[in-house]
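Report on the structure given below.
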Amino acid sequence: MKILYVEDNQINRLVMERSIQKYAEIVTEENGFKAMDLIKENDFDIILIDLNLADPEIDGFGVLDYIKENNVPAITAAVTAFTTDEWKDKCMEEGFHLYFPKPVDIDNMWSEILKFKRTRA
Amino acid sequence: MIIKKNLGEDLNVAEQLKLATKEDHKMVEIEMRSAELFSRTFDRHRYQQHLAILWNSYRSILDNFEPYQCNPIIEKYTSQLNLDEAAILGDLKDLGAKNHITKRQPILMNSLEAIGAVYVLLGSSMGRSMIGKKLSSSIADWHSSPPKYYSQNESEIQLFQDFKTELNKLKLNHPQLEDMIAGAKKAFQVFRTVARNHYETKQTISE
């Protein structure tokens with residue numbers, strides 16, 4: 001499986017890379033617009049998106065909009081430090097398949113993704 | 001093309017603090033060279049440097065909390081932060097480091113600024129378990145007793161959540177929120193200054 005992780009924080013990208021590479025191939029990108037290019041050029045199975053990206057012109061919802069508008073079939077998950085129920089509801093309303101509050105337990109996250117993938121198949 | 005929506009509206013206090021200090025957080029990670037924690041060249045010397053910067057930063061900020069201990073939030077979380085500071089110091093001693101801190105001027109001007117600084121210190125330990133897991137095999141070899149700070153104890157996650165819950169119950173007007181943000185920014189600045197001093201002059205700790 002191939003994963004894209006869109007996250008502006010370098011340490012978070014490194015932690016995710018090191019932790020998830022035992023499960024799947026992972027590509028990381030800090031910029032939302034560059035992430036769109038990667039999505040266009042690759043077939044990702046899972047796209048993990050931080051909501052609060054540093055670029056003042058795009059946030060995680062913007063990347064999600066691109067995915068939805070282009071009917072990209074990947075599983076999408078919000079990975080965010082905004083951890084209230086309101087944010088979870090908002091993410092699901094906007095169309096994320098999954099929501100993971102930070103700090104993320106990678107093994108649990110992977111289990112959740114596999115569970116969702118099975119129910120979706 | 002602007003594709004940004006909904007962030008920045010209806011944020012609670014903790015979320016506003018996070019947004020307002022995002023750049024400060026990023027600069028701390030750059031100046032502390034935190035990415036090196038994940039590099040193949042990360043070694044005992046770099047680990048000791050990293051702990052020394054953490055300890056000096058913690059100690060400098062914690063020293064500022066003393067006048068504000070009557071604030072229940074500061075009183076409640078200072079004890080845990082003192083334990084974290086002691087854990088870092090214990091690890092440094094175990095590595096054979098000799099510590100001496102440069103006396104710094106008070107930087108936090110009121111209890112709201114101090115709460116902003118508590119936010120930074122509690123937040124700084126959020127990745128501890130994850131990093132501890134990543135480093136466990138190597139740092140165990142460098143210590144004569146089990147490492148204390150980068151142990152795989154996940155209680156800090158709950159502690160930070162509890163703190164944010166208390167933060168979000170505070171009814172703050174705009175100047176009060178600005179004070180809290182200013183305190184958080186000052187705390188981040190301490191980490192940056194200590195890191196810069198350490199890498200440039202090594203004034204803060206002898207190894």
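Note on naming: letters A, B, ... go to the chains in the order of the sequence lines (proteins, then strands), and numbering restarts at 1 for each one. Because the structure is predicted, anything quoted here is derived from the model rather than measured.
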Taking NZ in A:Lys88 as the centre, count heavy atoms belonging to other residues, nucleotides or ligands within less than 6.0 Å. Is the count above 12? no
Shortest non-hydrogen pair, B:Met126 vs A:Pro103, comes out as CE-CD, 2.9 Å
Go through the atoms of A:Asp8 and report whether side chain, backbone, both or neither lie under 4.5 Å from a heavy atom of chain B. side chain
Side-chain heavy atoms of A:Asn9 within contact of B:Lys26, under 4.5 Å: no
Distance col, row A:Gln10:CD vs B:Phe38:CZ, nearest 0.5 angstrom, shows 9.5 Å
With a 4.5 Å limit on heavy-atom distance, are the side chains of B:Phe160 and A:Thr83 in contact? no
Report, as yes or no, whether the 6.0 Å neighbourhood of atom NZ on A:Lys2 holds more than 12 heavy atoms from other residues, nucleotides or ligands. yes
Would you name the heavy atoms of A:Leu53 and B:Lys22 that are closest together and state the gap between them? C-CE, 4.1 Å
Which portion of B:Asn168 sits near chain A, non-hydrogen atoms under 4.5 angstrom: neither
Which pair of heavy atoms, one from B:Ala35 and one from A:Leu14, lies closest together, and at what distance? CB-CD1, 3.6 Å
What part of B:Glu15 gets closer than 4.5 Å to chain A, counting heavy atoms only: side chain, backbone, both or neither? both
Apply side chain to side chain contact (heavy atoms under 4.5 Å, CB included) to the pair B:Asn12 and A:Phe82, showing each step before the final yes or no. CA-CA 9 Å; B:Asn12 60 38; A:Phe82 295 162; over 6 Å; no
Please report the shortest heavy-atom distance between B:Gln161 and A:Lys102, naming the atom on each side. NE2-O, 4.1 Å
Could you check whether atom CG of B:Asp141 has more than 12 heavy atoms from other residues, nucleotides or ligands sitting under 6.0 Å from it? yes
Enter the distance from B:Ile30:CD1 to A:Ile11:CD1 here, rounded to the nearest 0.5 Å. 9.5 Å
Measuring heavy-atom distances to chain A, does B:Glu23 have an atom under 4.5 Å in its side chain, in its backbone, in both, or in neither? neither
Shortest non-hydrogen separation from A:Ala81 to B:Lys18 and the atoms involved: CB-CE, 3.2 Å
